[in-house]
Amino acid sequence: GFIENIALNKYLCITFSNNFQFLFPMDFSLSEEQLMIRDAARDFARTELLPGVIERDNLQRFPTEQIKKMGELGFLGMMVDPAYGGGGMDTVSYVLAMEELSKVDASCSVIMSVNNSLVCYGLQQYGNEAQKQKYLTKLATGESLGAFCLSEPEAGSDATSQKTTAIDKGDHYILNGTKNWITNGSSANYYIVIAQTDKEKKHKGINAFIVEKGWDGFEIGPKEDKLGIRGSDTHSLIFNDVKVPKENRIGEDGFGFKFSMKTLAGGRIGIAAQALGIAGGAYDLAREYSKVRKSFGTEICNHQAIAFKLADMHTSIEAARLLVMKAAWDKDQGNNYDMSGAMAKLYASQVAMDVSIEAVQVHGGNGFVKEYHVERMMRDAKITQIYEGTSEIQRIVISRGLLRD
Ligand code: CAA
């Protein structure tokens, strides 16, 4: 293994213990295509997501029109192979788009993240050809929306404790149970549902299934009244003797838990990008506000108390960006990204929380008022420390990775 890393201008020099040296190009610039995607997402967020964002939050209104347009522009299946209707883009591009949309409306970006990272990616990587033709082609274009159903009333962090069962009946399974806190709960058309098929085998007896809305016995429970990301629809789902054809099982028998873990590892990069965007949006507003709001005869940015806050906010955002980009890059390179994704999410979600709280503080009394946006960002930030693995779960993933050998 290597023993030291030295940054040399644009190269990362890795020296191995036998003195063999290897130079890797170290380049933080984005390609023209990546810049175009970032700018398109930025424009779209300002022109299409900003109008009505406060009202959607107040009324818990699902952004139907906005999601339709996002689908038409290719934001819902960014990394999917063009052969299945996707954009064929890399993870770095996806992260850039997630960041820009999250600066304005984190409800829209979680809908996008679940569809891209948990549903489309899972199907593209582990689905068979028939499943891809039937489902992925519609999900990647935004014609249909997907949901990922792992959490249960008693299986959140402890995801192997699945109570939902799917009993093998030959050519089909019979699904029974309840899922909780499901993003896109009522608006999705297709649901990836995780269930226990053999209790004796514990996590090796878990499978993932594609379930369609409207199937007999599949009921959508009440909508949750949430602190943040109130534009997204979060529901419990109830399965009562739902007949699921065997061809809708994803992967080999018993692959469901690994499928969830592998899919969530990528999902965490998306949520890290969402957190980065929330922090960036709150910082941008705080900076602008500090340049126009006056106190003690000058703009408040001229007070060190405020200027230093901006310095700390910006520094932590840049640090989070490096972690998020590194995780995305790892995924694009084919490197393992379990740890880098977990570190990115752990850190970026803390930054989203800290920066949005400080943005409210910079705004003073106005920060507490809805029309200034930052109070919504503060509320939205909190969920990034909870879903797709709490910060405590990320620490489990990171520490296990550190101590593996
Ligand atoms: N890749 C592949 N396999 C993995 C893996 C990974 N990243 N992580 C674990 N596994 C495998 C293990 O190798 C093991 O398999 P073997 O026995 O064959 O070796 C198996 O999974 C069980 O692993 P553990 O023994 O480590 O299981 P554990 O019970 O200790 O749990 C955990 C591990 C990391 C805590 C996991 O339960 C976890 O990630 N929990 C959090 C779940 C989560 O993120 N929920 C979010 C819900 S989805 C959501 O929020 C979506 C939304 O709507 C926004």
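Every number for a ligand or one of its atoms is a count from 1 in the order of the listing. Below, each value reflects all heavy atoms present in this structure, side chains not excepted, and no hydrogens, waters or symmetry copies.
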| Hey, looking at atom 44 (O) of ligand 1, which of K262, H203, R268, K258 has the closest heavy atom? | R268
| note | Among non-hydrogen protein atoms, atom 50 (O) of ligand 1 lies closest to E388 N, 2.9 Å
| message | Using a strict threshold of under 4.0 Å (side-chain N to carboxylate O), is an ion pair present between D57 and R379? | response | yes
| note | The atoms of ligand 1 lying under 4.0 Å from a heavy atom of S157, numbered in the order shown, are 37 (O), 38 (C), 40 (N), 41 (C)
| field | N or O contact, G389 vs ligand 1, cut-off under 3.5 Å | value | yes
| field | atom 4 (C) of ligand 1: nearest protein contact (heavy atom, Å) | value | M261 CB, 3.8 Å
| message | Just to be sure I'm reading this right: ignoring hydrogens, which of T160, T183, L118 gets closest to atom 53 (O) of ligand 1? Compare them by their nearest heavy atoms. | response | T183
| In ligand 1, which numbered atoms sit nearer than 4.0 Å to a non-hydrogen atom of D338? | 6 (C), 7 (N)
| message | Counting C-beta onward and ignoring hydrogens, is there a side-chain heavy-atom pair between D39 and M36 closer than 4.5 Å? | response | no
| request: Of the side chain and backbone of V114, name the one, both, or neither that has a heavy atom under 4.0 Å from an atom of ligand 1. | output: side chain
| task | Decide yes or no on side chain to side chain donor-acceptor pair (under 3.5 Å) for S113 and Y94, but give the supporting numbers first. | result | CA-CA 9 Å; S113 182; Y94 165 60; 3.2 Å; yes
| field | Option nearest atom 43 (C) of ligand 1 (shortest heavy-atom distance, choices I206, L264, N180) | value | L264
| For ligand 1, which atoms have a heavy atom of K204 less than 4.0 angstrom away? | 16 (P), 17 (O), 18 (O)
| request: Inspect the contact between E212 and K134 and indicate whether a charged nitrogen and a carboxylate oxygen are less than 4.0 angstrom apart. | output: yes
| message | Closer than 4.0 Å and a protein heavy atom, does any atom meet both conditions relative to atom 32 (C) of ligand 1? | response | no
| said: Between D380 and G228 (side chain of the first, backbone of the second, donor and acceptor by atom type, cut-off under 3.5 Å), is there such a pair? | reply: no
| How about atom 36 (C) of ligand 1: does it have a protein heavy atom within less than 4.0 Å? | yes
| Salt-bridge present (R268, E388; N to O < 4.0 Å) | no
| Just by distance, do the side chain of E299 and the backbone of S290 share a donor-acceptor pair under 3.5 Å? | no
| message | Keeping K103 on the side-chain end and A45 on the backbone end, is there a donor-acceptor pair under 3.5 Å? | response | no
| N-O pairing of E65 and K69 below 4.0 Å | no
| field | Within-shell test, S151 vs ligand 1, heavy atom, strictly < 4.0 Å | value | yes
| task | Measure the acute angle between the ring planes of H363 and Y289, then classify it against the limits of 30° and 60° as parallel, tilted or perpendicular. | result | parallel
| query | Numbering the atoms of ligand 1 from 1, which are under 4.0 Å from a heavy atom of F257? | reply | 20 (C), 21 (O), 22 (C), 37 (O)
| Nearest to atom 27 (O) of ligand 1 by heavy atom, K202, R400, K345: which? | R400
| task | For Y387, take its heavy atoms, then give the atoms of ligand 1 lying under 4.0 Å from any of them. | result | 50 (O), 54 (C)
| query | For ligand 1, is G156 a contact, meaning one of its heavy atoms is under 4.0 Å away? | reply | yes
| When you measure from the side chain of H303 to the backbone N and O of S295, does any donor-acceptor pair fall under 3.5 Å? | yes
| Distance-only donor-acceptor check, side chains T164 and E152, under 3.5 Å | yes
| task | Looking only at protein heavy atoms, identify the closest one to atom 34 (C) of ligand 1 and say how far it is in Å. | result | V397 CG2, 4.0 Å
| query | Considering only heavy atoms of A159, which atoms of ligand 1 have at least one such atom less than 4.0 Å away? | reply | 37 (O), 42 (C)
